[in-house]
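Report on one structure; see the data block that follows.
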Amino acid sequence: MSSPNHTKVTEFILLGLTDDRVLKKILFGVFLVIYLITLAGNLCMIVLIKTNSHLQTPMYFFLSHLSFVDICYSSNVTPNMLSNFLSDQKTISYAGCFSQCLLFIALVITEFYIFASMALDRYVAICSPLHYSTRMSEDICMSLVTVCYGFGFLNGLSQTLLTFHLSFCGTLEINHFYCADPPLLMLACSDTYVKKMAMFVVAGFTFSSSLFIILLSYFFIVAAILRIHSAEGRHKAFSTCGSHLTTVTLFYGTLFCMYLRPPSEKSVEESKIIAVFYTFLSPMLNPMIYSLRNTHVIHAMKQMIKGNLFFNNAVQASVKLKITKYPPLIRLSCSDTSVKETSMFVVAGFNLSNSLLIILISYIFILIAVLRMHSAEGRHKAFSTCGSHLVAVTVFYGTLFCMYVRPPMDKSVEQSKIIAVFYTFVSPMLNPIIYSLRNKDKLLAIKNPGQESLDYKINCKISAGPVGAEQRSRKSQMIRYMKEVQGRNRTEVVEFILLGLSDNSDLQGILFVLFLLIYIATMVGNLGMIMLIKLEPCLHTPMYRFLSSLSFVDACYSSSVTPKMLANLVAEDKAISFNGCAAQFYFFGSFLGTECFLLAMMAYDRYAAIWNPLLYPVLMSERICFLLVATSFLAGFGNAAIHTGMTFRLSFCGSNRINHFYCDTPPLLKLSCSDTHINGLVIMAFSSFIVIGCVTIVLISYLCILVAILRMPSLEGRHKAFSTCASHLTAVTIFFGTILFMYLRPTSSYSMEQDKIVSVFYTVVIPMLNPLIYSLKNKDVKGALKKVLQKHRQ
């Protein structure tokens with residue numbers, strides 16, 4: 001009998017954000033206000049750009065289209081969601097769901113490429129100001145926008161057709177507040193493999209290509225700005241990019257949080273909360289970001305409302321002060337401050353945006369957890385534990401935003417001094433007051449230090465029911481238990497059992513021989529490479545200094561895993577002590593992180609050698625090479641120390657059987673009986689930063705190398721330059737390709753068995769391949785090896 005056709009489905013039911021009636025009314029009010037602000041802000045931006053002649057430039061042309069897209073994709077979702085908050089009937093027709101899905105995908109992809117086009121516009125404006133009017137003419141701008149819309153809607157149509165081509169013959173309840181691909185795929189009763197792969201490919205291509213255009217544009221922008229001689233010119237150039245950088249960070253940061261979380265941390269509820277951010281908050285924030293620090297927009301707005309006395313007085317009252325452009329110490333300097341200004345801008349921006357992003361992500365997950373609680377009392381109690389921190393964060397970041405995100409024309413030294421007084425004196429005074437006035441634990445600790453605090457906690461936990469003999473008995477039992485737990489360390493688990501790759505005894509014997517041969521080849525190859533580089537003077541160059549460090553790292557991180565794995569393949573007892581597991585975890589993570597950074601440094605070395613061959617000995621002196629290698633090791637070991645500390649502080653009170661052949665993060669987190677949300681967030685943040693940072697350095701270095709090679713007139717010169725990069729490119733492709741395959745697969749295809757096979761590759765195979773890659777096609781290494789062998793024979 002044929003399966004029912006999906007066209008029999010006439011409607012779907014959207015479950016929304018919550019079932020709580022009181023919360024629904026609150027959310028209705030919140031999202032209605034956000035939607036009205038979004039419409040007002042973006043429509044105002046479009047009208048302002050269309051009516052003001054000073055804003056008839058390519059930059060504002062793209063901004064008007066960004067505002068239009070924000071209005072459209074917010075309006076595509078919000079009205080239906082608002083009506084569902086007030087209605088008991090939460091249905092959406094099949095055609096309505098199709099339209100919503102199509103428009104949402106199309107508009108989001110369009111926004112990706114509009115951001116990329118805006119980055120390209122800033123690149124042309126700063127790097128080629130004399131040719132800006134011709135290279136970003138009206139026709140070219142219109143063509144770029146048309147391509148953005150065309151590509152977005154073609155992709156949206158293809159993805160939507162693939163989704164609605166499926167059969168929906170089960171439940172019709174979509175666990176989301178709009179028709180999104182993932183919850184729709186969960187309802188399908190036909191094979192979704194083709195759709196998932198198409199979604200993965202299109203999303204990956206769109207995300208990576210648009211981000212690559214943005215990163216590349218800003219790389220050239222930074223290079224151009226650093227060549228500007230005047231501090232005022234550099235400041236002006238940076239200021240034209242500030243708003244775009246902020247919006248891009250918010251948009252892509254949310255998407256990173258959405259799609260690059262550890263698989264174990266993903267859930268529909270979390271996805272809904274994060275979707276709220278880029279569906280509602282991002283479209284609302286964009287016009288604010290582009291108007292708060294943009295003198296042209298502020299001036300145009302003042303002109304537009306000049307006839308209205310009320311608005312005119314309000315604007316004049318809010319914009320009266322002047323600014324000195326730089327902090328006082330920099331203004332006193334009579335030397336070039338460009339490096340300092342740039343580093344200050346980068347470090348301050350990185351610290352502020354990253355810390356604020358961690359806080360926002362943490363509170364998103366807190367909100368998810370609170371919304372899952374059934375009792376109103378539980379939700380209130382959970383919220384109350386965050387109240388003090390939220391107030392302190394608001395005070396601190398609010399002051400900093402007031403300090404640094406004011407419109408440039410509104411700044412003055414006197415204002416800055418007054419605000420600095422606030423976060424230098426007032427904020428430190430307020431923090432202990434904020435944390436003590438509403439904190440019952442602290443108040444009780446002040447009144448009754450010691451044991452009474454523990455009794456108070458127990459009273460709080462069991463005071464919900466009527467107090468009787470049974471309750472008193474439970475209280476005394478709980479007090480005894482908590483005292484025992486306080487005296488006991490989490491190292492109650494004294495060892496773990498590594499399950500390994502296979503339980504088959506015959507296969508274990510084969511694997512033992514295979515991995516033993518690979519390990520011997522790894523050690524011989526890498527140690528041989530180190531000795532060869534040390535012995536041969538012709539290999540005492542930066543490239544081979546990095547290669548010897550890479551060989552050392554490969555030997556070490558292979559040795560942190562392989563010997564124990566070999567022992568477990570032939571032994572009945574597959575236990576590893578708690579401290580041994582922590583040590584293996586730390587050293588493996590350290591050397592793996594160090595290898596990421598070393599490969600990036602080696603790409604930079606090749607860039608310096610090919611781009612500036614005459615200055616190469618100066619740019620890559622022995623001291624600089626040593627500093628780069630030391631930085632790689634410090635970054636790798638520091639990162640691993642954070643992960644190890646956070647992982648082994650957890651409680652392991654259940655099973656101690658690790659479903660892996662070494663102590664790795666995912667299987668260890670599965671064994672923990674503590675909350676691992678923070679670990680997941682830290683892993684996501686640090687791993688994403690390291691991998692994306694290193695890959696970006698490699699890509700930018702090779703792009704510059706490619707440009708330099710294409711400029712060479714002789715074919716032989718180009719071939720020689722390419723040949724010096726071939727080994728490194730092969731090693732980088734294998735290493736990062738394996739890591740990307742490991743962590744960027746579709747969630748549905750994750751399995752621990754797959755992870756173990758992939759782990760074998762980068763744990764055992766890659767360290768063996770690297771010395772082979774660098775010796776087989778490298779004339780210098782082969783020549784040095786022949787010399788050493790000839791000397792040995794003589």
Side-chain angles (χ1 to χ4, degrees), residues 11-42 70-92 96-97 100-101 103-104 107-108 172-184 250-251 254-255 257-258 266-288 359-387 389-391 393-394 677:
E11 61 182 23
F12 294 98
I13 299 167
L14 293 167
L15 297 185
L17 286 169
T18 181
D19 292 326
D20 190 306
R21 289 183 176 275
V22 177
L23 191 57
K24 277 201 262 189
K25 290 178 182 177
I26 296 169
L27 290 175
F28 173 82
V30 170
F31 287 119
L32 178 62
V33 170
I34 290 172
Y35 182 55
L36 291 175
I37 293 170
T38 301
L39 288 180
N42 285 290
D70 281 339
I71 289 171
C72 290
Y73 92 72
S74 183
S75 299
N76 180 47
V77 173
T78 315
N80 189 59
M81 189 182 77
L82 290 173
S83 72
N84 285 345
F85 278 136
L86 302 179
S87 172
D88 290 328
Q89 187 179 7
K90 299 181 180 182
T91 58
I92 183 171
C97 190
Q100 192 178 69
C101 189
L103 288 172
F104 190 80
L107 291 165
V108 168
L172 303 178
E173 292 182 344
I174 299 174
N175 191 10
H176 217 295
F177 58 88
Y178 70 95
C179 289
D181 265 349
L184 277 168
L250 281 173
F251 189 71
T254 310
L255 292 172
C257 176
M258 183 78 174
K266 295 188 181 180
S267 74
V268 174
E269 298 304 316
E270 288 174 355
S271 298
K272 285 196 280 188
I273 300 297
I274 298 169
V276 163
F277 195 88
Y278 68 77
T279 310
F280 301 101
L281 297 184
S282 185
M284 179 188 73
L285 292 173
N286 284 347
M288 295 181 185
I359 291 168
L360 289 172
I361 291 170
S362 299
Y363 274 101
I364 285 170
F365 288 113
I366 288 168
L367 187 61
I368 292 164
V370 169
L371 291 176
R372 284 176 180 166
M373 294 177 182
H374 299 293
S375 72
E377 187 182 353
R379 286 197 294 271
H380 179 266
K381 189 175 179 182
F383 268 126
S384 67
T385 62
C386 305
H389 179 255
L390 267 174
V391 174
V393 163
T394 305
H677 272 78

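For this chain, numbers begin at 1 and follow the sequence in order. For clarity, every value in this text was computed on a predicted model and none was experimentally measured.
Considering every non-hydrogen atom in both S83 and N80, the closest pair reads OG-O, 2.8 Å.
Note on ring orientation: taking the six-membered ring where Trp is involved, the planes of F85 and F31 are parallel (angle under 30°, cut-offs 30° and 60°).
Between C97 and C179, the gamma sulfurs sit within a distance below 2.5 angstrom.
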The test is side chain to side chain contact (heavy atoms under 4.5 Å, CB included); show your working for T18 and K24 and say whether it passes. CA-CA 7 Å; T18 181; K24 277 201 262 189; 3.9 Å; yes
Is there a side chain to side chain contact (heavy atoms under 4.5 Å, CB included) between S75 and L39 once you walk through the steps? CA-CA 9 Å; S75 299; L39 288 180; 3.8 Å; yes
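A donor-acceptor contact shorter than 3.5 Å links the side chain of N42 to the backbone of P283.
Rounding to the nearest 0.5 Å gives a distance of 12.0 Å between CG of L23 and NZ of K25. Annotation: the span from F104 atom CZ to T279 atom OG1 amounts to 4.0 Å, rounded to 0.5 Å. Atom CD of Q100 and atom OH of Y178 lie 8.5 Å apart (nearest 0.5 Å). Here M81 contributes atom CE and L86 contributes atom CG; the two are 11.0 Å apart, rounded to the nearest 0.5 Å. For the atom pair CZ of F280 and CD1 of I37, the computed distance is 13.5 Å after rounding to the nearest 0.5 Å. Between the CG atom of L82 and the OG atom of S87 there is a distance of 12.5 Å, given to the nearest 0.5 Å.
For the pair K90/L15, no side-chain contact is recorded, criterion being any heavy-atom separation below 4.5 Å from C-beta on. Residues I71 and T38 are not in side-chain contact: their nearest non-hydrogen atoms beyond the backbone lie 4.5 Å or more apart.
Looking at residues two or more places apart in sequence or on another chain, you find no ring pair (Phe, Tyr, Trp, His ring centres under 6.0 Å) involving Y35.
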